[in-house]
Amino acid sequence: MLPDVLQDQTATALMYATGPSTPKLGEALAEHHRVLDGVDLAPTQIVATNGTAGGIALVAQLFLEPGDVVICEDLTYWGAVASFRLQGAELRTVPLDEGGLVVEALADLLDQLAREGKRVKLLYTIAACQSPTGSVLDEGRRTAVAELCRRHGIAILQDDTYGEIRFERDRFPRSFLACAPERTIHLGSFSKTIATGLRLGWLATSPEIAAAAAGVRTDLGTTAIIQLLVAEFVRSGQYDAHVAGGAPFYQHKRDLLLQGLQEHCAPWCDWTVPPGGYYLWVTLKQGTVEPFEALAEAEGVSFLAGPHFSPTRVADEGFRLAYGEVAVDDITEGARRLGRALEAAAEKVGASR
Ligand SMILES: Cc1ncc(COP(=O)(O)O)c(C=O)c1O
């Protein structure tokens with residue numbers, strides 16, 4: 001593929017890819033969204049970004065001024081929090097339950113912010129395969145969220161970094177891009193489906209927002225040759241086949257972990273059952289994650305603890321387990337060791353009473 005791209009598209013491949021994206025990537029991803037979600041996009045509505053992280057930073061740069069409010073989920077992605085804060089934004093949060101963002105809490109928060117006279121610009125949501133909880137926001141909640149954002153004049157920034165890694169396909173409704181195209185900025189990434197080192201993601205949105213985002217970018221685009229190689233991978237259908245083909249492998253890992261948690265950890269914690277993605281969220285039945293972390297580490301088990309994901313509160317009752325990158329043969333043993341650490345932590349809590 002590389003020699004062909006270099007020979008056929010030398011000028012594009014080795015130059016800056018300023019503006020939205022190379023036309024080839026724009027065309028391939030517009031078609032990808034048409035198949036995935038039934039949305040019609042022009043290639044110029046696709047803006048290539050430096051991963052989802054770059055997309056978030058670009059949107060923050062485009063939308064936010066000091067004092068603007070961004071609403072995000074609590075728990076959420078720390079990199080997004082950092083990007084919003086860098087622009088001087090104030091973060092306000094809505095809680096999550098097993099179905100994702102709690103709509104009633106969002107409605108109350110929006111009313112509260114209106115009373116406070118705040119300028120609310122964005123709702124940032126990881127609506128599918130939420131990180132860290134793994135939840136997927138269903139159709140009903142999406143419609144309600146879109147309606148609230150419409151009423152309050154807010155843009156929806158959907159971070160879909162993991163949203164195409166699907167085990168239970170019927171649990172995935174159409175994206176916000178399909179139900180609120182006029183106000184959605186959809187962020188996709190090849191990081192978790194091909195390789196993080198590509199540093200290639202995209203932003204799909206209205207023609208106006210896409211043009212404005214391309215207009216404010218100061219990075220001179222992402223690597224053109226990577227865009228062209230990935231565009232060919234997507235155009236040829238190999239990308240969709242690769243992602244769909246990988247899903248049973250990750251589902252098997254998830255299932256091994258669920259089984260291991262049930263066998264070894266159930267007395268001390270609860271956990272979510274993600275319908276896709278690479279993560280699940282564990283909640284301790286008693287005690288906090290901080291003293292437990294060292295015990296787990298001593299057993300050779302590591303995870304990201306709650307405070308890492310919470311912009312406003314301590315969130316020290318839980319932690320994220322990542323099964324995606326753990327070798328199949330290590331998962332059951334990992335759960336067994338986690339159980340040992342949980343038991344030791346519970347004994348400590350008991351002894352200190
Ligand atoms: C929810 C979420 N968004 C964005 C990113 C950044 O992804 P990318 O490599 O596409 O920049 C990550 C990385 O782990 C993530 O978990």
Side-chain angles (χ1 to χ4, degrees), residues 17 20-60 62 77 79-80 83 122 124-131 136-137 142 155-166 169 172-181 183-207 209-210 213-214 217 219 221-223 226-235 237-244 246-247 276-278 324:
S21 66
T22 57
K24 295 264 185 223
L25 186 69
E27 283 158 22
L29 283 173
E31 175 62 12
H32 177 70
H33 278 285
R34 198 186 61 72
V35 172
L36 191 72
D37 260 347
V39 292
D40 269 327
L41 300 169
T44 47
Q45 287 174 255
I46 307 286
V47 180
T49 60
N50 199 347
T52 314
I56 295 166
L58 188 58
V59 170
L62 177 64
Y77 169 53
S83 287
L122 293 171
Y124 169 72
T125 173
I126 312 168
C129 309
Q130 210 272 348
S131 175
V136 175
L137 204 67
R142 282 186 199 210
I156 301 168
L157 180 58
Q158 180 178 359
D159 179 337
D160 205 39
T161 301
Y162 305 94
E164 293 186 21
I165 304 156
R166 302 177 177 186
R169 296 193 147 264
F172 288 78
R174 295 166 80 207
S175 66
F176 278 110
L177 201 53
C179 63
R183 63 189 55 260
T184 295
I185 304 138
H186 180 102
L187 299 173
S189 176
F190 295 106
S191 277
K192 312 294 167 154
T193 49
I194 308 181
T196 54
L198 291 175
R199 303 313 302 136
L200 184 62
W202 73 95
L203 177 163
T205 187
S206 67
I209 297 176
R217 77 183 313 161
D219 59 2
T222 75
T223 315
I226 298 290
Q227 287 193 37
L228 293 176
L229 287 168
V230 171
E232 182 50 27
F233 195 50
V234 175
R235 189 207 58 77
Q238 292 176 80
Y239 175 69
D240 284 346
H242 162 78
V243 176
Y278 298 147

[Y] side chain reached by [X] side chain, heavy atoms, under 4.5 Å:
X: I126; Y: T161; answer: no
X: L36; Y: E164; answer: yes
X: Y124; Y: V59; answer: no
X: I194; Y: F233; answer: yes
X: L58; Y: D219; answer: no
X: T223; Y: L200; answer: no
X: H186; Y: L157; answer: no
X: V230; Y: Y239; answer: no

Worksheet item: ring-ring contact (aromatic ring centres under 6.0 Å, His included) with Y77: which residues, sequence neighbours excluded?
Response: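 None.
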
Can you tell me how far the [atom1] atom of [X] sits from the [atom2] atom of [Y], to the nearest 0.5 Å?
X: L25; Y: I46; atom1: CG; atom2: CD1; result: 7.5 Å
X: D159; Y: C129; atom1: CG; atom2: SG; result: 11.0 Å
X: F172; Y: D37; atom1: CZ; atom2: CG; result: 12.0 Å

Worksheet entry | Plane angle bin for Y162 and Y278 - parallel if under 30°, tilted between 30 and 60°, otherwise perpendicular |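 Perpendicular.
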
Fill in: Step-by-step side chain to side chain donor-acceptor pair (under 3.5 Å) determination, H32 to E27
CA-CA 9 Å; H32 177 70; E27 283 158 22; over 6 Å; no

Practice prompt. Please lay out, stage by stage, how R235 and E232 fare under the test salt bridge (charged side-chain N to carboxylate O under 4.0 Å, His left out).
Written response: CA-CA 5 Å; R235 189 207 58 77; E232 182 50 27; 2.8 Å; yes

Worksheet item: Is the shortest side-chain N to carboxylate O distance from E31 to R34 below 4.0 Å?
Response: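 Yes, charged N to carboxylate O under 4.0 Å.
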
Practice prompt. Could you walk me through whether T222 and R199 pass side-chain contact (heavy atoms from CB on, under 4.5 Å), step by step?
Written response: CA-CA 8 Å; T222 75; R199 303 313 302 136; over 6 Å; no

Worksheet item: Could you go step by step and tell me if Q227 and T22 meet the side chain to side chain donor-acceptor pair (under 3.5 Å) rule?
Response: CA-CA 7 Å; Q227 287 193 37; T22 57; 3.1 Å; yes

Worksheet item: How would you list, by chain and number, every residue that makes a side chain to side chain donor-acceptor pair (under 3.5 Å) with T205, sequence neighbours excluded?
Response: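 Applying side chain to side chain donor-acceptor pair (under 3.5 Å) to T205 gives none.
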
Discussion item. Tell me every residue that passes salt bridge (charged side-chain N to carboxylate O under 4.0 Å, His left out) with D240, counting only those two or more places apart in sequence or in another chain.
Written reply: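 Not a single residue meets the salt bridge (charged side-chain N to carboxylate O under 4.0 Å, His left out) criterion with D240.
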
